[in-house]
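Shown next, in structure tokens, is the structure this report addresses.
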There are 2 protein chains.
Amino acid sequence: MLKNRVKELRARYSYTQGQLGEKAGVTRQTIGFIEKGEFSPSITLSLKLAHILECKVDELFWLEGEEWK
Amino acid sequence: MLKNRVKELRARYSYTQGQLGEKAGVTRQTIGFIEKGEFSPSITLSLKLAHILECKVDELFWLEGEEWK
DNA sequence: ACAAATTGTAATGTATAGTTAACATTAAGT
DNA sequence: ACTTAATGTTAACTATACATTACAATTTGT
């Protein structure tokens, strides 16, 4: 189960979904889907988001639960 | 430009592509493609690989060049 | 209360991640 | 030299990330 802190960190910078998407090169809907956990972005997009939000990928995304181990 | 250290870390554990793929729940070809940089895996798969190879995602994958910033 | 900005959500389309199978090539062991 | 395990590579297929458009719902400012 993939979890993330995108919405929380985005709020810290007062970025709208549209602004964050623009910086990362994706649409606002893509940011919305990620925040809702509706899909698992590529590592490339994840690295860009972590860079923009000034954190490590591991702090932005993590797996929860035991099934995946 | 996405770069990675999968092949190097896989060698450290003496895993074959097949063994690493099995642990991560993907095929050996998928591991082969990732090592060659032929595609950008999902964050979910990246997190699994980092867990198996006992490192941070940021140490396993990174972006090189200036274009993406 | 009103208007504007932001976000939620759904449909449809495209690009690409990832699978499977098959065969060629290389490396390692005997 | 021979055999086997591991890897490289290609093609065809499926699943899903992400784009685009449109409109509804919610939030925010005045």
Side-chain angles (χ1 to χ4, degrees):
Chain A
M1 179 76 185
L2 183 67
K3 299 281 192 174
N4 77 82
R5 209 163 281 164
V6 173
K7 188 168 189 170
E8 171 191 340
L9 288 178
R10 178 171 64 80
R12 183 174 303 171
Y13 291 84
S14 302
Y15 291 149
T16 66
Q17 292 180 342
Q19 288 171 331
L20 179 56
E22 189 178 12
K23 285 172 185 291
V26 296
T27 65
R28 68 168 188 84
Q29 285 87 342
T30 294
I31 302 297
F33 281 137
I34 293 172
E35 290 185 355
K36 282 186 59 191
E38 291 204 3
F39 62 62
S40 172
S42 68
I43 182 67
T44 299
L45 177 52
S46 303
L47 285 164
K48 287 181 187 174
L49 291 173
H51 179 254
I52 295 165
L53 298 174
E54 298 182 287
C55 67
K56 294 295 180 72
V57 172
D58 303 78
E59 296 164 0
L60 195 54
F61 294 96
W62 65 96
L63 292 171
E64 247 178 51
E66 296 295 324
E67 330 79 56
W68 65 276
K69 286 179 185 168
Chain B
M1 179 79 187
L2 183 68
K3 299 280 191 174
N4 76 82
R5 210 162 279 162
V6 173
K7 188 168 190 170
E8 171 191 340
L9 288 178
R10 177 171 64 79
R12 185 173 302 173
Y13 292 84
S14 301
Y15 291 148
T16 66
Q17 292 180 341
Q19 288 169 333
L20 180 56
E22 190 177 12
K23 286 172 186 289
V26 296
T27 65
R28 69 167 187 84
Q29 287 90 337
T30 294
I31 302 297
F33 283 140
I34 292 171
E35 290 185 353
K36 282 186 57 190
E38 293 207 0
F39 63 62
S40 172
S42 68
I43 182 67
T44 299
L45 178 51
S46 304
L47 285 164
K48 287 181 185 173
L49 291 172
H51 179 253
I52 295 165
L53 298 174
E54 300 183 282
C55 67
K56 295 295 181 71
V57 172
D58 303 81
E59 296 163 0
L60 196 53
F61 294 96
W62 66 95
L63 292 171
E64 247 179 51
E66 296 295 325
E67 330 77 55
W68 64 275
K69 286 180 183 169

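Since we're looking at a predicted model, the values are computed, not measured. The sequence lines fix the lettering, A, B, ..., with proteins before strands; numbering per chain opens at 1.
Taking atom CZ on A:F61 and atom P on D:dA17, their separation rounds to 12 Å, with Å as the unit. One atom, CD of B:Q29, and another, P of D:dA12, lie 16 Å apart when rounded to the nearest Å. Taking atom CD of B:E22 as the reference point, atom P of C:dT20 lies 13 Å away to the nearest angstrom. Between the CD atom of A:Q19 and the P atom of C:dA5 there is a distance of 13 Å, given to the nearest Å. In this structure, the CG atom of A:L20 is 14 Å from the P atom of C:dT6, given to the nearest Å. The CD1-C1' distance, from A:I43 to C:dA17, rounds to 14 Å in whole Å. For the pair A:Y15 OH and C:dT7 P, the computed distance is 14 Å after rounding to whole Å. Across the protein-nucleic acid pair, B:I31 atom CD1 and D:dG8 atom P stand 12 Å apart, rounded to whole Å.
For A:S42, counting side-chain heavy atoms from C-beta on, the closest listed nucleotide (D:dT7, C:dT9, D:dC18) is D:dC18.
For the pair A:G18 and B:L45, nearest-nucleotide mapping onto DNA chain C gives the more 5' position to A:G18.
In terms of heavy atoms, B:L20 sits closest to B:R10 at CD2-CD, 3.8 Å.
In this structure, CZ in B:F61 is found 6.5 Å from CG in B:L2, a value given to the nearest 0.5 Å. Between B:I43 atom CD1 and A:I34 atom CD1 the span is 10.0 Å, to the nearest 0.5 Å.
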Output one letter per nucleotide in nucleotides 24-30 of chain C: B when a protein non-hydrogen atom lies under 4.0 Å from the base, S when only the sugar-phosphate is that close, - when neither is.
-------
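Side-chain atoms of A:Y13 and A:E54 include a donor-acceptor pair closer than 3.5 Å. Of the N and O atoms on the side chains of B:E35 and B:Q17, at least one donor lies less than 3.5 Å from an acceptor on the other residue.
Residue B:Q17 has a polar side-chain atom (N or O) positioned under 4.0 Å from OP1 or OP2 of D:dG8. Checking the phosphate oxygens (OP1, OP2) of D:dG8, a side-chain nitrogen or oxygen of B:K7 falls inside 4.0 Å. Contact check, A:T27 against D:dC18: no side-chain N or O comes under 4.0 Å of OP1 or OP2.
Residues A:L63 and B:K48 form a side-chain contact, since some pair of their non-hydrogen atoms from C-beta on lies under 4.5 Å apart.
Atom CD of B:E8 has more than 12 heavy atoms from other residues, nucleotides or ligands within 6.0 Å.
Among the heavy atoms of the strands, none lies under 4.0 Å from A:G21.
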Begin with the C-alpha distance, continue with both residues' side-chain angles, and end with the deciding distance and a verdict on side-chain contact (heavy atoms from CB on, under 4.5 Å) for B:V57 and B:L49.
CA-CA 8 Å; B:V57 172; B:L49 291 172; over 6 Å; no
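Looking only at distances, no side-chain donor or acceptor of A:T30 sits under 3.5 Å from a matching main-chain atom of A:V26.
For residues 33-41 of chain B, proximity to DNA chain D is found at B:F33, B:K36, defined as any non-hydrogen atom under 4.0 angstrom from a strand atom.
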